[in-house]
Amino acid sequence: MPNDAPDWVRVFMAQLVGRASSFTPLGDVTSPAESADSATETITYSPGVIGEIAAMASFKAAAGSVIARVGSVGPVTVGTASSVSPTFGQATTSGHLLVCVVGSGSVAPTTGQAGWSQVVVQTGTGGFVAIWIKPNCGNGETAPTFTAVGGTAMMIAQLVEFSGVATASPTDQSAVSAGAGTSVTVTNPAVDVAYGDLVILGTRWALNTGSGATFSQVFNNGGSPVHAGDTTQTLGGSTRAQSFTYSIIPAVVAAQPLGVAGWAYDAVGVSEPATGTNASVVLAASPGKAYTAAAIQLDSGSSTAAVQQPRGQLVDGSPVIWTCLPGTPAAAGNYTGRGGAGYAYKGTAGNSMTLRTAGIAAGGVTSCALGAYLR
Amino acid sequence: VKVFRTSGHAYLVCPRLLELDERHGVHRSRWPKLAPGRHPWDDPEHEAFLEDSEGHLAADFYWWPGHLPLVEAEWPVCDCGRRLVHADLDDPHDRRHLAEVEET
């Protein structure tokens with residue numbers, strides 16, 4: 001908008017975009033800050049903590065699917081120092097993702113069970129903690145046995161089954177962390193934009209001798225933690241605790257009341273020509289990006305007659321994708337307005353977007369304004 | 001492929017408007033200032049009333065760096081069938097606003 005635009009236009013557009021005096025330059029910099037998946041686990045354990053290790057991995061949903069846990073989680077299974085054989089909560093169903101958080105001491109856990117692969121492993125105080133998966137499993141799978149030949153502390157493992165996960169290459173990101181306090185935080189390396197992800201957190205704690213540790217977790221990105229299980233065990237003078245938590249990041253992190261813009265529009269335009277002329281705002285196309293019309297304002301009227309007002313049209317490149325018929329004011333001198341914020345008319349990537357009026361009557365006046373996201 | 005390398009705002013009008021009154025080719029932002037308190041649709045008293053008696057189309061075209069010039073199918077066309085022409089503010093055809101980039 002020109003700097004010398006009439007004050008009323010500036011006020012109108014400021015109201016439209018919710019900003020006082022300036023408009024946001026085009027770009028995605030104003031979108032809500034996405035953040036990498038992150039989880040923090042805190043232990044409550046009075047005898048004291050020696051140290052802890054954590055492994056996290058996120059997984060993508062299959063196209064058009066929503067990830068969900070299947071049935072019951074498997075029991076937290078405590079093995080020997082060299083072997084552990086967890087069991088499923090129920091017979092597996094084909095196409096699902098099987099996940100095992102498995103820990104061991106001094107030697108990394110492994111399995112020879114067909115189709116299983118290690119996503120991430122962390123080592124440090126307390127031994128090893130790893131996340132293993134089998135994507136696109138079969139019906140009635142045989143549970144894997146994990147071994148750590150020569151290990152010096154008890155192995156612990158737990159199996160959980162998920163549906164809706166991508167059947168090929170489901171792993172999105174993974175990360176590890178370690179610490180020596182009562183909480184540990186692990187964060188994926190890259191900013192996450194794939195809402196709907198499954199995030200798995202496995203931790204293993206080296207503790208002063210005792211029992212009864214309890215855990216609490218916090219995930220970011222709107223994820224609610226679901227604690228699958230934990231246990232605290234002592235073997236040969238070593239006390240270890242292990243914990244398995246997951247979260248399914250919601251597809252919509254926050255809902256907002258209709259009419260409330262979450263952030264400034266990427267592009268705005270206003271048009272108000274002379275009396276009797278149809279108005280039009282045209283936003284230039286950006287390669288690979290699509291406009292979503294979010295704020296639409298159409299005003300029209302006539303000072304000379306109660307005539308049918310011009311219709312509004314939203315144009316995606318060249319096709320009209322939305323039409324508004326504003327009707328006829330009751331009398332000359334009345335003005336009609338249509339529109340507001342909270343629309344979500346999405347155009348096609350690479351197309352311009354136009355808001356215009358058509359069919360204005362002689363003596364009529366009209367203006368239009370458009371606020372749009374470009375993503 | 002040509003893309004804009006500047007931010008710009010063009011005022012495009014139906015050529016018939018220019019035939020009716022050349023002042024239709026001047027964007028409202030450059031009209032004489034409105035007196036405080038006046039309704040924005042009341043034109044300044046010292047200017048003859050500017051009116052389009054035939055209902056043509058004017059367009060405010062906005063672009064930003066990296067955006068694409070309008071293709072033929074997108075270029076605004078008046079209900080009377082005429083293709084709009086650049087009349088005021090930035091000229092979208094001006095080579096100073098355009099850059100040639102390789103298509104990826």
Between A:Tyr265 and A:Tyr373, ring centroids under 6.0 Å: yes
B:His24 versus chain A, the contacting section by heavy-atom distance below 4.5 Å: side chain
Intermediate values then yes/no, side chain to side chain contact (heavy atoms under 4.5 Å, CB included), B:Trp64 and A:Leu374: CA-CA 12 Å; B:Trp64 294 268; A:Leu374 181 65; over 6 Å; no
Side chain, backbone, both or neither of A:Thr354 within contact of chain B (heavy atoms, under 4.5 Å): neither
Electrostatic pair A:Asp266:A:Arg375 at N-O distance under 4.0 angstrom: yes
Residue among A:Arg356, A:Gln297, A:Met353 satisfying side chain to side chain contact (heavy atoms under 4.5 Å, CB included) with A:Leu370: A:Met353
Among the listed options B:Ser7, B:Ala58, B:Gly55, the residue most often paired with chain A at heavy-atom distances under 4.5 Å: B:Ala58
Per-residue contact mode, B:Leu84 against chain A (heavy atom under 4.5 angstrom): neither
Choice from A:Pro287, A:Ala358, A:Ser318 maximising heavy atom contacts with chain B below 4.5 Å: A:Pro287
CD (B:Glu22) with more than 12 external heavy atoms under 6.0 Å: no
Salt bridge flag under 4.0 Å for residues B:Arg28 and B:Asp60: no
B:Val13, part contacting chain A, at a heavy-atom distance under 4.5 Å: neither
Residue B:Leu57 versus chain A: region with a heavy atom under 4.5 Å: both
Winner by heavy-atom pair count (cut-off under 4.5 Å) against chain B, out of A:Ser271, A:Gly350, A:Ala279: A:Ser271
